[in-house]
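The structure appears below as structure tokens.
Just so it is clear, the values below take in all heavy atoms, side chains as well, and ignore hydrogens, waters and symmetry mates.
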Amino acid sequence: MTVLRPLAFALAVLVSLLAIADVVFAATFPSAPRLSENFSSAFVRLELARLRAQPPETIVLGDSVLWGYDVSARESVPALLERRGIRAANFAYQGGSPVNTYATLRAILASGVRPASVVFNVNQKTFNAADSAYSVVHPSMWELARPLFSSGDARLVTTPDDAQTLDARLDRTIARYWQLYAMRADLREALFGDVDAGHALDALLEGVTGAGARRRAAHRPKPSDFEGTYDLTPLDDSNVSAHFLKRTIALLAAERIPAIAILTPTNHTLLHAYVDGPEYAANLAYVRRSLARGGIVVIDADRAFGPDDFFDNDHLTAAASARLATRVARELARR
Amino acid sequence: MEETDHPAVPGSRDVAAVLRTDPLAALLGARLAHPVVLGCVLFALVVAAIVLGPSSESRFIYTDF
């Protein structure tokens with residue numbers, strides 16, 4: 001008994017400190033220029049709450065091309081739009097796809113944030129059923145968007161196998177009541193600029209030894225790396241990405257939100273053997289038609305960039321991102 | 001009276017002497033026993049575990065080249 005009382009008191013002190021820390025943490029956690037790889041749904045909620053207070057002119061949705069893969073956050077298209085005087089929020093993320101774009105848009109609108117316009121990209125590779133993001137929504141975004149999906153739409157989404165394990169349920173329950181725990185991935189990213197301290201230390205050592213730079217210099221994407229990346233089967237409504245692209249178009253029309261869709265820049269020199277044919281052109285035309293029918297302005301950047309503008313099949317260098325941002329800014333200014 | 005080692009623990013005489021004479025050790029010994037300090041130490045440990053723990057959230061697999 002003499003041991004239990006002080007122990008209970010110590011636990012009460014611990015819980016009180018955690019509760020105070022949680023309030024301070026949520027109030028002071030900084031906004032991020034873009035979503036990290038492992039962003040949490042708690043972080044998205046926090047960002048949306050801030051945007052409700054100060055709605056952005058434009059929300060950018062899509063995949064790693066607009067997120068700014070292999071370029072700094074300052075060199076991503078949304079950040080470059082900001083520099084051109086357009087208040088843009090970057091809600092694109094790595095592994096985006098039409099179903100992810102739709103889920104994010106639903107979550108944003110449901111939170112009460114209403115942007116003056118939306119910019120998103122449509123990447124031809126995501127119409128391939130073999131693409132990792134074809135029918136998979138980022139788990140944190142899925143947590144927010146799942147209640148907003150009709151049962152028919154939800155059936156098209158592939159949910160992770162481990163979503164209902166005891167571990168996953170416990171994790172969700174704790175995260176519901178404990179903000180610091182829920183946002184641990186975002187906190188680590190903010191502190192270390194990486195997924196965790198171990199990876200940050202690795203990156204630091206690679207920087208010191210030059211191993212990272214040597215590996216990047218040796219990494220030269222070959223055409224054969226992309227065999228099977230693009231599926232040239234004619235698109236129709238049975239394609240999950242085509243289905244959710246149309247859902248996005250319909251939602252934007254219903255909400256009367258003007259939108260610009262970018263047909264993702266594609267490295268045709270690198271991918272020539274796999275994409276330069278009438279089937280690819282027909283699928284691109286299908287997407288363009290679907291967007292235009294929904295009243296969405298299309299920036300066709302599919303062939304707008306040369307081989308030196310890419311890191312790989314579709315990710316743009318900083319200079320090319322700046323050119324794309326200029327084009328988007330010009331289109332936004334017209335509206 | 002001259003101090004001697006505990007029969008089962010060689011060197012225990014030295015440790016006992018340090019604990020009795022080192023003010024820092026005495027202070028820590030007394031403070032750690034206090035529930036408020038213990039609560040603060042537990043709090044620091046929990047926060048450190050969250051901040052420094054390994055990432056286990058990579059559940060979203062995507063392919064980039």
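Using cut-offs of 30° and 60° for the angle between ring planes, the Tyr102(A) and Phe244(A) rings count as tilted. A parallel orientation is assigned to the rings of Tyr181(A) and Trp178(A), their planes being inclined by less than 30° (bins at 30° and 60°). Note on ring orientation: taking the six-membered ring where Trp is involved, the planes of Tyr93(A) and His138(A) are perpendicular (angle over 60°, cut-offs 30° and 60°).
Heavy-atom distances place the side chain of Leu187(A), and not its backbone, under 4.5 Å from chain B. With a 4.5 Å cut-off on non-hydrogen atoms, Phe311(A) does not touch chain B at all. Using a 4.5 Å cut-off between heavy atoms, Leu17(A) touches chain B through backbone and side chain atoms alike. Using a 4.5 Å cut-off between heavy atoms, Ala12(A) does not touch chain B at all.
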Check the pair Phe43(B), Val13(A) against side chain to side chain contact (heavy atoms under 4.5 Å, CB included), reporting the backbone distance first and the verdict last.
-> CA-CA 8 Å; Phe43(B) 170 74; Val13(A) 170; over 6 Å; no
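Among the candidates Leu52(B), Val47(B), Val36(B), Val46(B), the residue making the largest number of heavy-atom pairs closer than 4.5 Å to chain A is Val36(B).
The distance from atom CG of Leu201(A) to atom CG of Leu205(A), rounded to the nearest 0.5 Å, is 5.0 Å.
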